[in-house]
Asker: 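Below you will find the structure I want to go over with you.
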Amino acid sequence: MSSTLETRPLITRWISLRPHHGRVRAEDVLGGPLFVEPFSADDLPAIAERAAGVVVGAAWMQDFQLVRAVARLGLPVLVQRGHAATLEEWLAIADYCVAEGNDQVVLCESGTRTHTGHLALDLSLLRAAKARSGRPVLADVSADPSLAGAAIVAGADGLLLSPSADEEEVAQVREAVTLFSALAGHDTPATLPAARAAIDRVDAALATLLERRAELAGVVQSLKPVGGFAGRDMERERQLVARMAERAPRLGVKRLTPIMNAVIEAGLHLSEES
């Protein structure tokens with residue numbers, strides 16, 4: 001797999017070279033490589049020169065001649081599932097690329113057209129595609145960026161946004177990637193920068209959870225007959241640490257006890273200050 005596709009979790013934007021979308025622009029990269037969807041085979045030379053990868057769009061995944069031409073560019077290929085395509089039909093497009101000597105194929109779940117006309121991501125199909133193909137699978141959340149977290153938890157290796165995504169949608173997706181990939185991810189970074197990036201995501205999720213815990217601690221203090229440090233329930237705290245040790249056996253009770261004591265005391269101090 002090309003190094004341009006090894007960043008996990010990946011967020012990327014793609015450009016469709018339909019007449020109203022203009023030319024390939026390298027500055028359209030969004031936290032990841034720039035993928036371009038051709039309008040026809042005539043676009044392929046420009047894509048080969050400027051883009052990091054090519055999108056086989058959901059609307060033309062059955063255009064086998066164009067698929068083969070795309071594969072022969074030697075660039076990574078992102079295959080979007082057609083809105084009515086089965087798993088077998090979707091995976092077959094990756095096989096066409098491999099037959100042309102290009103094994104740099106990433107799949108993208110782009111949704112199924114519902115009776116209301118909207119697109120609904122099929123996260124179970126996304127998981128099946130990962131299991132069957134062994135390839136990275138992205139989720140196209142352009143139609144509903146609020147599904148970014150669900151897609152990451154379901155196992156998506158990255159997210160795809162349309163070129164028209166606004167700053168609020170981009171920020172929403174970035175936040176989902178940061179938080180949910182830290183909670184659900186089981187990747188093993190292979191380089192120091194990748195390891196530090198993974199730690200940064202975990203720290204961001206940890207800070208969010210600690211802030212929420214402090215808020216809830218304040219609620220508890222307001223409901224207790226005796227609040228503050230005088231109202232600490234040491235037996236409950238021991239039980240809390242024991243339950244946490246079941247989830248974090250490598251840390252165990254011995255290491256978790258001082259950590260949780262500091263967390264609890266920070267929440268109590270914050271409650272008193274409030």
Asker: Table please: side-chain donor-acceptor pairs of residues 228-239 below 3.5 Å, with sequence neighbours left out.
Answerer:
{"unit_1": "R232", "atom_1": "NE", "unit_2": "E237", "atom_2": "OE2", "d": "2.9"}
{"unit_1": "R232", "atom_1": "NH1", "unit_2": "E265", "atom_2": "OE2", "d": "3.4"}
{"unit_1": "R232", "atom_1": "NH2", "unit_2": "E237", "atom_2": "OE1", "d": "2.7"}
{"unit_1": "R232", "atom_1": "NH2", "unit_2": "E237", "atom_2": "OE2", "d": "3.4"}
{"unit_1": "R232", "atom_1": "NH2", "unit_2": "N261", "atom_2": "OD1", "d": "2.9"}
{"unit_1": "D233", "atom_1": "OD1", "unit_2": "E235", "atom_2": "N", "d": "3.3"}
{"unit_1": "D233", "atom_1": "OD1", "unit_2": "R236", "atom_2": "N", "d": "3.1"}
{"unit_1": "E235", "atom_1": "OE1", "unit_2": "R238", "atom_2": "NE", "d": "3.3"}
{"unit_1": "E235", "atom_1": "OE1", "unit_2": "R238", "atom_2": "NH2", "d": "3.0"}
{"unit_1": "E235", "atom_1": "OE2", "unit_2": "Q239", "atom_2": "NE2", "d": "3.3"}

Asker: Does any non-hydrogen side-chain atom of R132 lie less than 4.5 Å from one of L87?
Answerer: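 In contact.
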Asker: Is there a donor-acceptor contact under 3.5 Å from the side chain of S133 to the main chain of A129?
Answerer: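 Confirmed, S133 side chain pairs with A129 backbone.
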Asker: Taking all non-hydrogen atoms of both residues into account, name the closest pair between G155 and L126 and its distance.
Answerer: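 In terms of heavy atoms, the two residues are closest at C-CD2, 4.0 Å.
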Asker: Side chains of W90 and Q80 only: does a donor on one sit below 3.5 Å from an acceptor on the other?
Answerer: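 There is no such pair between these side chains.
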Asker: So D166 and V170, do their side chains get closer than 4.5 Å, heavy atoms only?
Answerer: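 In short, these two side chains do not touch, never coming nearer than 4.5 Å.
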Asker: Under 3.5 Å, sequence neighbours excluded: what are the donor-acceptor pairs made by side chains of residues 248-258?
Answerer:
{"unit_1": "T257", "atom_1": "OG1", "unit_2": "V253", "atom_2": "O", "d": "2.7"}

Asker: Do L159 and V177 have side chains that get closer than 4.5 Å, going by heavy atoms?
Answerer: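 With C-beta onward as the side chain, the pair touches.
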Asker: Let me check something: do L210 and L240 share a hydrophobic cluster, defined by ILVMFWY side-chain heavy atoms less than 4.5 Å apart, either directly or through other members?
Answerer: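 As far as the 4.5 Å side-chain criterion goes, L240 and L210 are connected within one cluster.
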Asker: Is E246 salt-bridged to R243, cutoff N-O under 4.0 Å?
Answerer: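 Result for this pair is no, no salt bridge flagged.
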Asker: With rounding to the nearest 0.5 Å, note down the distance linking CD in E100 to CZ in R72.
Answerer: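 Output value for this atom pair is 5.0 Å.
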Asker: Determine the minimum heavy-atom distance between G53 and I47, stating which atoms define it.
Answerer: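 Of all heavy-atom pairs spanning G53 and I47, the closest is O-CG2, 4.4 Å.
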Asker: Going by the side-chain contact (heavy atoms from CB on, under 4.5 Å) test, name the single residue among L66, L73, V36 that passes it with V54.
Answerer: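 Running side-chain contact (heavy atoms from CB on, under 4.5 Å) over L66, L73, V36 with V54 returns exactly one hit, L73.
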Asker: Could you give the distance from CZ (R174) to CG (L161), rounded to the nearest 0.5 Å?
Answerer: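 Going from the CZ atom of R174 to the CG atom of L161 covers 9.0 Å.
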Asker: Can a donor-acceptor pair be found, under 3.5 Å and without considering hydrogens, that links the side chain of N102 to the backbone of A71?
Answerer: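 The answer is yes, because a donor-acceptor pair under 3.5 Å joins these two groups.
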Asker: Are the side chain of R135 and the backbone N or O of D103 linked by a donor-acceptor pair below 3.5 Å?
Answerer: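 Looks like yes, one N/O pair under 3.5 Å.
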Asker: Could you check whether any side-chain N or O of D63 sits under 3.5 Å from a backbone N or O of W60, counting only pairs where one atom can act as donor and the other as acceptor?
Answerer: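 Judged by distance alone, no pair lies under 3.5 Å.
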Asker: Could you tell me whether K130 and D157 have a side-chain N and a carboxylate O separated by less than 4.0 Å?
Answerer: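 Yes.
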Asker: Would you sort out whether V141 and V173 count as a side chain to side chain contact (heavy atoms under 4.5 Å, CB included), showing the intermediate values?
Answerer: CA-CA 9 Å; V141 296; V173 170; 4.2 Å; yes
Asker: Quick check on the hydrophobic clustering: are M244 and L206 connected, directly or via other members, by side-chain heavy-atom contacts under 4.5 Å?
Answerer: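 Looking at the clustering, L206 is in the same group as M244.
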Asker: Does the E109 side chain pair with the main chain of D122, one donor and one acceptor, at a distance under 3.5 Å?
Answerer: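 The answer is yes, because a donor-acceptor pair under 3.5 Å joins these two groups.
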Asker: When you measure from the side chain of E49 to the backbone N and O of A46, does any donor-acceptor pair fall under 3.5 Å?
Answerer: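 Looks like no, no N/O pair under 3.5 Å.
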Asker: Does E89 reach the side chain of Q62, with side-chain heavy atoms less than 4.5 Å apart?
Answerer: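 Contact flag for E89/Q62 side chains = yes.
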Asker: Any chance you could measure C97, atom SG, to L78, atom CG, to the nearest 0.5 Å?
Answerer: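 Rounded to the nearest 0.5 Å, the SG-CG separation comes out at 10.5 Å.
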Asker: Tell me, with the steps shown, if T112 and H83 meet side chain to side chain contact (heavy atoms under 4.5 Å, CB included).
Answerer: CA-CA 4 Å; T112 299; H83 302 321; 5.7 Å; no
Asker: Can you name the closest pair of heavy atoms from A151 and L123 and give their distance?
Answerer: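 Of all heavy-atom pairs spanning A151 and L123, the closest is CA-CD2, 4.0 Å.
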Asker: Could you tell me whether the side chain of V153 reaches within less than 4.5 Å of the side chain of L183, counting heavy atoms only?
Answerer: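 No; the side chains remain at least 4.5 Å from each other.
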Asker: Counting only heavy atoms not in R196, do more than 12 fall under 6.0 Å of its CZ?
Answerer: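 Atom CZ in R196 is not crowded, with 12 or fewer foreign heavy atoms closer than 6.0 Å.
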Asker: Shortest non-hydrogen contact from A204 to T178?
Answerer: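 Taking A204 first and T178 second, the nearest heavy atoms are CB-CG2, 3.4 Å.
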Asker: Mind listing the closest non-hydrogen atom pair of R201 and S181 along with its distance?
Answerer: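 For R201 and S181, the tightest heavy-atom pair comes out as CD-OG, 3.3 Å.
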Asker: Going by atom types only, do R81 and T86 share a side-chain donor-acceptor pair under 3.5 Å?
Answerer: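 Result is no, nothing qualifies.
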Asker: Does any non-hydrogen side-chain atom of C108 lie less than 4.5 Å from one of V79?
Answerer: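 With C-beta onward as the side chain, the pair stays apart.
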Asker: Give the C-alpha distance, both sets of side-chain angles, the deciding distance and a yes or no for side chain to side chain contact (heavy atoms under 4.5 Å, CB included) between L179 and L209.
Answerer: CA-CA 10 Å; L179 298 181; L209 291 173; over 6 Å; no
Asker: Which heavy-atom pair separates L119 from S110 by the least distance, and what is that distance?
Answerer: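 Nearest pair, atom of L119 first, then S110: CD1-O, 3.9 Å.
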Asker: Under the side chain to side chain contact (heavy atoms under 4.5 Å, CB included) criterion, do I93 and F64 qualify, and how do the steps go?
Answerer: CA-CA 8 Å; I93 304 303; F64 303 125; 3.8 Å; yes
